[in-house]
Q: 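Encoded as structure tokens, here's the structure I'll be asking about.
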Amino acid sequence: MAFPKSKYLKPFKNIFILILVVFVIWMLFFDANSWLIHHELNTEIEDLENEKSYYKKEIEKDKKDLKKISTEEGLEKFAREEYYMKRDNEEIYIIEYEDSLKTTD
């Protein structure tokens, strides 16, 4: 039985090209250092770097807030705004607008 002669199969008759094709396929998909694994690791590295920059920005923001609170006036302002604390001779009135109220629909 004779195989049909095709111009597409002619390069694969050469043993060196056949070995090269098998090697390239092995390195791209099956090896421990394959292109697929490198691609996954690179996307993971990008995600981690984005997360790192986000947390650095958050740290800077928190440092600014801590610097504000470290003074006596800043601490008093924070306590009044966040925890509605007051002095002994004061009254606090909390005004809520209709659009700021939480509603459950």
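Fair warning: this is a prediction, and the values are worked out from it, not measured in the lab. Basis for what follows: all heavy atoms, side chains included, without hydrogens, waters or symmetry-related copies.
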Q: State yes or no: do Leu41 and Leu36 share one hydrophobic cluster built from I, L, V, M, F, W and Y residues joined by side-chain heavy-atom distances below 4.5 Å, directly or via other members?
A: no
Q: Same cluster for Phe29 and Val22 if Ile/Leu/Val/Met/Phe/Trp/Tyr side chains link at under 4.5 Å?
A: no
Q: Show me the donor-acceptor pairs within less than 3.5 Å that the side chains of residues 49-61 make with the rest of the protein, sequence neighbours left out.
A:
unit_1, atom_1, unit_2, atom_2, d
Asn50, ND2, Glu46, O, 3.3
Ser53, OG, Asn50, O, 2.8

Q: How close do Ile37 and Asp31 get, counting heavy atoms only, and between which atoms?
A: CD1-O, 4.0 Å
Q: First locate atom CG of Leu28, then atom CG of Asn33, and finally report the distance between them rounded to the nearest 0.5 Å.
A: 12.5 Å
Q: Do Leu48 and Ile45 sit in the same hydrophobic cluster, where Ile, Leu, Val, Met, Phe, Trp and Tyr count as joined when their side-chain heavy atoms come under 4.5 Å apart?
A: no
Q: Determine the interplanar angle of the Trp26 and Phe30 rings, folded into 0 to 90°, and report it as parallel if under 30°, tilted if 30 to 60°, perpendicular if over 60°.
A: tilted
Q: Just so I know, are the side chains of Arg87 and Arg80 near enough to count as touching, which here means a heavy-atom distance under 4.5 Å?
A: yes
Q: Tell me every residue that passes side-chain contact (heavy atoms from CB on, under 4.5 Å) with Leu66, counting only those two or more places apart in sequence or in another chain.
A: none
Q: If two hydrophobic side chains count as joined below 4.5 Å and joins carry through other members, does Ile69 share a cluster with Tyr83?
A: yes
Q: Atom NZ of residue position Lys68 - does it have more than 12 heavy atoms of other residues, nucleotides or ligands inside 6.0 Å?
A: no
Q: To the nearest 0.5 Å, how far apart are CG in Asn42 and CG in Asp47?
A: 11.0 Å
Q: Taking atom CD of Glu44 as the centre, report whether more than 12 heavy atoms of other residues, nucleotides or ligands fall under 6.0 Å from it.
A: no
Q: With rounding to the nearest 0.5 Å, note down the distance linking CD1 in Ile25 to CG in Leu20.
A: 10.0 Å
